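In what follows, a single structure is set out as structure tokens and then discussed.
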Amino acid sequence: MKIILLGCPGAGKGTQAEGLVKKYGLTHLSTGDLFRAEIAKGSPLGQKVQDYMKRGTLVPDEVVVEVVAAKLDDISGGWLLDGFPRTLPQAQALDGYLKSNQVKIDAVLYLAMEEDTVVSRLSGRRSCAKCKAVYNVATKPPKTEGKCDGCGGDLMQREDDKEATIRKRMMVFNDLTQPLVTFYKTECPFHEVDGSGSPGEVGEKLFAILDKVQETQKA
Ligand code: AP5
């Protein structure tokens, strides 16, 4: 399956992607994770994108599109896109890429969320510096404060998870990414899910949608 996971910052895209890629055997392509890994390596791409990410603004479309197209070329089976596309030009570029490769999107999953819930979620997010596991001081605390349950690594707060930057990211989302909801409602099989339930509740709703997509494909 080819899936796009849409949602504002903190909607739970990364959290849900983990379960979805496992259950349906998909490759997870998160542009945010990819850029953070490049920044950590100090690569030329990392240096190019780090100021945009720190400020909560978007990396230029041409940079993102080139990186994603190269990654998609390397994936042989199904995939799930998380954090891409994020602007209309990115969606149009993806559309062109898919058409030229005769590939269709099976589902666009949109996690709908209220801004205030998102700010409190993101302020509480902590990620393991070593294995990248994601925690939340309010909803998913580690057993030992500041340490990863899995590998014992230090838990860090993302630089763009400070309240002022979160608000900026939400503004950017409302201006540039929200219009994709209208775009995909007309272009692809589109499913809106309330992202405010527990991770398990949201996950069950997404599984139910994708199970149906799979059944239809088999029929
Ligand atoms: P990116 O890394 O994609 O960040 P984002 O879209 O802002 O999304 P987040 O990772 O903040 O949130 P999420 O929805 O994954 O939530 P999560 O599951 O972690 O992008 C970062 C930056 O990179 C951008 O600002 C931009 O600069 C650049 N960039 C990336 N892609 C780009 C593109 N295509 N074009 C241009 N620039 C791009 O959950 C958040 C927290 O909530 C966690 O603590 C989690 O434990 C908790 N949580 C999750 N679900 C629940 C739940 N149901 N109930 C309670 N708590 C929950």
Side-chain angles (χ1 to χ4, degrees), residues 4-21 28-39 45-46 48-69 71-72 80-94 109-115 117-128 132-142 148-149 155-162 165-178 180 193-206:
I4 294 177
L5 192 50
L6 267 185
C8 66
K13 301 182 296 297
T15 302
Q16 295 303 330
E18 205 182 319
L20 293 172
V21 298
H28 180 199
L29 180 47
S30 156
T31 39
D33 288 350
L34 195 152
F35 291 145
R36 278 184 289 279
E38 294 297 323
I39 292 172
L45 175 61
K48 206 186 267 184
V49 303
Q50 65 185 354
D51 283 345
Y52 297 102
M53 294 183 67
K54 199 171 166 179
R55 288 198 303 267
T57 56
L58 295 185
V59 173
D61 289 334
E62 59 277 14
V63 176
V64 188
V65 166
E66 193 186 329
V67 169
V68 172
K71 287 281 166 193
L72 289 181
L80 179 144
L81 301 183
D82 159 3
F84 178 90
R86 234 175 169 100
T87 63
L88 220 42
Q90 289 182 20
Q92 286 158 345
L94 177 66
L109 306 172
Y110 173 54
L111 298 176
M113 285 290 295
E114 295 291 332
E115 180 161 347
T117 316
V118 157
V119 175
S120 72
R121 269 192 195 177
L122 289 180
S123 315
R125 172 165 57 187
R126 300 291 181 272
S127 314
C128 175
K132 312 297 172 207
V134 176
Y135 295 84
N136 192 288
V137 293
T139 58
K140 193 188 169 197
C148 177
D149 294 347
L155 299 188
M156 318 291 284
Q157 185 171 33
R158 255 170 59 175
E159 213 169 353
D160 59 352
D161 277 349
K162 308 280 156 58
T165 317
I166 296 170
R167 299 266 179 209
K168 171 76 188 164
R169 287 160 62 201
M170 282 304 291
M171 277 168 54
V172 170
F173 172 81
N174 289 327
D175 287 349
L176 298 175
T177 311
Q178 186 71 38
L180 295 189
V193 167
D194 177 7
S196 65
S198 71
E201 284 164 355
V202 178
E204 286 307 319
K205 288 182 194 162
L206 297 175

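This is a predicted model, so every value here is computed, not measured. Order of listing sets the numbers, starting from 1, for every ligand and every atom in it. The figures that follow rest on heavy atoms only: side chains count, while hydrogens, waters and symmetry mates do not.
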*Nitrogen or oxygen of Pro199 less than 3.5 angstrom from that of ligand 1*: yes
*asked:* List ligand 1 atoms under 4.0 Å from Val64, heavy atoms only on the residue side.
replied: 33 (C), 34 (N), 35 (N), 36 (C)
*asked:* Heavy atoms only, cut-off 4.0 Å: how does Leu111 contact ligand 1, side chain, backbone, both, or neither?
replied: neither
_Glu66, CD: over 12 other non-hydrogen atoms inside 6.0 angstrom_ = no
*Close-contact set for ligand 1 against Leu122 heavy atoms, below 4.0 Å*: 11 (O), 40 (C)
*Nearest to atom 27 (O) of ligand 1 by heavy atom, Asp51, Val59, Leu58, Thr57: which?*
Thr57
*Step by step, would you call Asp33 with Lys132 a side-chain contact (heavy atoms from CB on, under 4.5 Å)?*
CA-CA 9 Å; Asp33 288 350; Lys132 312 297 172 207; over 6 Å; no
*In the protein, which heavy atom is nearest to atom 28 (C) of ligand 1, and how far is it?*
Met53 CG, 3.8 Å
_Name of the residue among Val68, Leu58, Asp82 meeting side chain to side chain contact (heavy atoms under 4.5 Å, CB included) with Thr31_ = Val68
*Would you mind running through ligand 1 and noting each atom that sits below 4.0 Å from a heavy atom of Gly14?*
13 (P), 15 (O), 18 (O)
*Nearest 0.5 Å, what's the OH-SG distance between Tyr110 and Cys8?*
6.5 Å
_Using a plain distance cutoff, I'd like to know if Arg126 has any nitrogen or oxygen under 3.5 Å from a nitrogen or oxygen of ligand 1._
no
*Considering residues at least two apart in sequence or located in another chain, which fulfil the salt bridge (Lys or Arg N to Asp or Glu O under 4.0 Å) criterion with Asp161?*
Arg125, Arg169
_Going by the closest heavy atom to atom 11 (O) of ligand 1, which one wins out of Arg86, Arg36, Gln16, Arg169?_
Arg169
*At a non-hydrogen distance cut-off of under 4.0 Å, which region of Pro85 contacts ligand 1 (side chain, backbone, both, or neither)?*
neither
*Sub-3.5 Å N/O-N/O distance, Lys140 and ligand 1*: no
_Only heavy atoms of Thr31, strictly under 4.0 Å: list the atoms of ligand 1 that pass._
30 (C), 31 (N), 32 (C), 34 (N)
*Which of the numbered atoms in ligand 1 are below 4.0 angstrom from a heavy atom of Gln90?*
33 (C), 34 (N), 35 (N), 36 (C)
*Taking C-beta and beyond as the side chain, do Thr57 and Asp51 meet within less than 4.5 Å on heavy atoms?*
no
_Among Leu176, Asn136, Asp161, closest by any non-hydrogen atom to atom 44 (O) of ligand 1_ = Asn136
*Is atom NZ of Lys48 surrounded by more than 12 heavy atoms (other residues, nucleotides or ligands) closer than 6.0 Å?*
no
_side chain to side chain donor-acceptor pair (under 3.5 Å) contacts touching residues 9-21 (sequence neighbours left out)_ = none
*Taking heavy atoms and a distance under 4.0 Å, where does Phe173 meet ligand 1: side chain, backbone, both or neither?*
neither
*Look at atom 34 (N) of ligand 1 and find which of Pro60, Gly32, Gly83 reaches it with the closest heavy atom.*
Gly83
*asked:* For Glu114, I'd like to know if atom CD has over 12 heavy atoms of other residues, nucleotides or ligands within 6.0 Å.
replied: no
*Looking at Tyr52, is Arg55 sitting on its ring face, NZ or CZ under 6.0 Å from the six-membered ring centre and within 45 degrees of the normal?*
yes
_Polar contact flag for Gly197 and ligand 1 (N/O pairs, less than 3.5 Å)_ = yes
_Crowding at CD, Glu159 (>12 non-hydrogen neighbours, <6.0 Å)_ = no
*For ligand 1, note which part of Thr15 has a heavy atom under 4.0 Å away: side chain, backbone, both or neither.*
both
*Are any of the N or O atoms of Gly7 closer than 3.5 Å to those of ligand 1?*
no
*asked:* Give me the nearest non-hydrogen protein atom to atom 16 (O) of ligand 1 as residue plus atom name, then the distance to 0.1 Å.
replied: Gly12 N, 3.3 Å
*Going by heavy-atom distance to atom 51 (C) of ligand 1, choose the closest among Glu201, Arg121, Arg158.*
Arg121
_Evaluate Gly10 for polar contact with ligand 1, using N/O atom pairs at a separation under 3.5 Å._
yes
